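Each chain gets a letter, A, B and so on, in the order its sequence line appears, and its residues count up from 1. The model shown is predicted, which means the values in this text are computed figures rather than measured ones.
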There are 4 protein chains.
Amino acid sequence: MGRMSASTERPRSGRREATRRRLFEAAVDLISEQGYGATTVDEIAERAGVAKGTVYYNFGGKSELYTALMEWGVTRLADTLKAAVPPSASPGEGLTAVLRAGVVFIGEHEALARLLMAEAWRTNQAWYATVRQIRTEAIGVISGQLDRLAAEGAPHPGLDTGLAGSALFGMVVTVALDWRTLQPERPVEEIHATLAHMTAGLVGTPASPPKNV
Amino acid sequence: MGRMSASTERPRSGRREATRRRLFEAAVDLISEQGYGATTVDEIAERAGVAKGTVYYNFGGKSELYTALMEWGVTRLADTLKAAVPPSASPGEGLTAVLRAGVVFIGEHEALARLLMAEAWRTNQAWYATVRQIRTEAIGVISGQLDRLAAEGAPHPGLDTGLAGSALFGMVVTVALDWRTLQPERPVEEIHATLAHMTAGLVGTPASPPKNV
Amino acid sequence: MGRMSASTERPRSGRREATRRRLFEAAVDLISEQGYGATTVDEIAERAGVAKGTVYYNFGGKSELYTALMEWGVTRLADTLKAAVPPSASPGEGLTAVLRAGVVFIGEHEALARLLMAEAWRTNQAWYATVRQIRTEAIGVISGQLDRLAAEGAPHPGLDTGLAGSALFGMVVTVALDWRTLQPERPVEEIHATLAHMTAGLVGTPASPPKNV
Amino acid sequence: MGRMSASTERPRSGRREATRRRLFEAAVDLISEQGYGATTVDEIAERAGVAKGTVYYNFGGKSELYTALMEWGVTRLADTLKAAVPPSASPGEGLTAVLRAGVVFIGEHEALARLLMAEAWRTNQAWYATVRQIRTEAIGVISGQLDRLAAEGAPHPGLDTGLAGSALFGMVVTVALDWRTLQPERPVEEIHATLAHMTAGLVGTPASPPKNV
DNA sequence: TATGAATGAGTGTTCATTCAT
DNA sequence: TATGAATGAACACTCATTCAT
């Protein structure tokens, strides 16, 4: 937060909050398509339907807008993944659910996912810390399920669940983005099915006939 | 006399070819560290030890240099992966070998891998076609091994090997970059081992005995 | 709010219009002295007392500024010529008046006249259409008087008044510019007198005393 | 072709002279269309079919090439006009002949004529002196005929023949260029006829019957 | 006599940022 | 709370010129 001078937090999104949201949406679309450097503040303001100065009034600058954007978006991803695991789920079910939720989320927020991958390893950017931290959270949700599997004496005792979480995260994002970019007409179920095949060995599911779960 | 010969090829490397190579090397380093937008032509020329005009004389512009760079680099990746599969290898061995080669390559060419992921889904860039095409080649090598597995009646009959190839590609790049970025001190063998665990179900390897770690 | 109003017109001159005018004035002087290619945007901005970016904010680029300039200037020429013919004038008087007005205008706007001649037949320039069109207007005022003369059964029945207008236009501009460039100290009346001599045959005026013919 | 290094002037145009001529021709066309500033040495060399360095080897630089060009071209104009007056011609016939020769010359050397008008009043250019001097020569031929007319007690006793020569020169060039640019399909005779009409008053020709066409 | 790769000062243009309204 | 005219440092790019071959 941080603007807000005299009075306290105002929950109701007045004119200001609406402006910020419009700027967010304009920025995600443009930056994910063109990249941060190639997207101008003019473009963002124009697509949002406001004057250029308004960007500065509301966010202080281009990079602050971008950081806020990443924070906003990636938090939603982490929250979505966390919410995807039913409390009663078995570890295997939990893992499957998380991966499915990831695919669905990316299908609905392609732009954000593209940004996430583009910035994930660019360590010398101002917003790297933000991206990394929340990316870690997202991966943590996956690793959490792997830990539960391991605790149950799952197939691979010595598995490095941290690294494996990163692996599954990369797998999900890559598959989902390739799907949206190259074959957007395919039903999401086919994507899920492929991922289920890929992780069958981990989950301990008999590969071909997924009777249970 | 004096005009270009028929094709762009120029057999004698001579002065010009040497200059181009130096510019390539300077550009990969700088752009992968700083990003395309944040890298200036002046910097590239300076690191290559040539005058700025030489960049334009040889490549025509910044973006053309970048495109040539991507083509050059990503071709090397695809070639490396292709060379990684011994002719006599079983499908399972072949897949394992490809993934290992991918990790090794990325370990040695982080810069390139970062660029690859950053640009992979940025469809409106001038160089998108180049990146996509050669990325497809790289994934094709993986999918090829999966096809061989499938032909042998591997664990998952209905597997979409194209999508699965993309999944494994994303997994390998993500893991390898996370390794280099967050835990560069870990031995490469631990990375291989984790990937082996992840793909055990596919390869049909008895999951339990990962003796080599 | 905030976007452009319907047309490009902007009723309140305000700050912006003042800036544009200053840039115009700076540009005419500099370009007519040095030529378009030899005049830099920096120079124009400096003489106008604004920052370089302001040129781009207001005109979009150097060539657009130049086009606007030509349009502005040449429109003034055409307007001046049109206004020079008193409604009650005879055709002969009208023609004389137009030529006199042309000489006076050029005497006061050498810079513009030089540009006009320099660009008049440079057909592949961005601003050629503009120059040509308004030049045609100016010539049209002359041709109009010639038409009236012809209608009165003037000396030369078969005269191509369009071409003749072009001829007189070229004559006036050439004489006026040679005057300003080579003999600026001569009184304007001597220029008028010479032109009157030259056109005496057309106008049918007793050229002082045209005893014969 | 020979080597032949250390001999004296070679009147016969060897390889070198041919190269120079090709460069001349390329340069007139390009510069007259685009202007001096907008024409690059690369373009000139390419159109001439030689390497860029050859321009420097033969002329020393771009502006030297241009100066040589102007000198070459404008000398030809003056010579042509001088040659156009038969020794036996009356002053009136002589003037008519000069103007006709001017139109014909410009019809065949449009490019040169455009340059002449574009540079005629640009006093701060390196080649201004050249242009002015030879332009003066050309006008001198016209003024010469006017002087003869005046000496015969021609229609306008007090005529300033210097200024009048300039006027006729401008008239001829303007008409001829407008003809080539806007109505190139018209026969040259129509242009001559119009000019004859315009100068009828000077020449003392009975206006109505322009029998000679 | 000619070439063309290389140069680098100079220029047009962009764009994040400021600020008076 | 929002605007948009103005800014100027930074940048991509141009092109006349040089020189080793």
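Side chains of C/Arg20 and C/Trp72 form no contact here, defined as non-hydrogen atoms less than 4.5 Å apart. B/Lys52 places none of its side-chain heavy atoms less than 4.5 Å from the side chain of B/Tyr57. At a threshold of 4.5 Å between non-hydrogen side-chain atoms, the residues A/Val55 and A/Lys62 do not count as touching.
Closest heavy-atom contact between B/Gly73 and B/Leu112: O-CD2, 3.3 Å. Scanning both residues, B/Ile44 and B/Ala26, for their nearest heavy atoms gives O-CB, 3.7 Å. Nearest heavy-atom pair, D/Arg114 versus C/Trp121, reported as atom, atom and distance to 0.1 Å: CD-O, 2.9 Å.
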## Note on the structure
Scoring nucleotides 16-21 of chain E by protein non-hydrogen atoms under 4.0 Å (B base, S sugar-phosphate only, - none) yields BBB---
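Within the structure, every side-chain polar atom (N or O) of B/Asn58 is placed at least 4.0 Å from both OP1 and OP2 of E/dA5.
Atom-to-atom, CZ of C/Arg16 to P of F/dT7 comes out at 13 Å; the value is rounded to the nearest Å. In this entry the distance linking CD1 of B/Ile44 with C1' of F/dC13 reads 14 Å, nearest Å. Spacing between atom CG of B/Leu30 and atom P of F/dA12 amounts to 12 Å, rounded to whole angstrom units. Here the C1' atom of nucleotide F/dA2 and the CG atom of A/Leu23 are 11 Å apart, to the nearest Å. Atom C1' of nucleotide E/dA6 and atom CZ of B/Arg22 are separated by 12 Å, given to the nearest angstrom. The separation between A/Tyr57 atom OH and F/dA2 atom C1' is 8 Å, rounded to whole Å. Protein atom CZ of D/Phe59 is 15 Å distant from nucleotide atom P of F/dA16, rounded to whole Å.
Across all strands shown, A/Val55 has no heavy atoms under 4.0 Å from either base or sugar-phosphate atoms.
Ranking E/dA2, F/dT7, E/dT7 by closeness to the C/Ala51 side chain, first place goes to F/dT7. Of the candidates E/dA5, E/dA2, E/dT3, the closest approach to any side-chain atom of D/Thr19 belongs to E/dA2.
Residues that satisfy the side-chain contact (heavy atoms from CB on, under 4.5 Å) test with D/Ala113, not counting sequence neighbours, are D/Ile106, D/Leu177.
Taken from CG in D/Leu69 to OG1 in D/Thr130, the straight-line distance is 11.0 Å, to the nearest 0.5 Å.
Taken together, the paired segments of DNA chain E that extend over three or more consecutive Watson-Crick or G-U pairs, each closer than 3.5 Å at both contacts, are E:2-21 with F:2-21.
Salt bridge status for D/Glu25 with D/Arg47: absent, with no side-chain N to carboxylate O gap under 4.0 Å.
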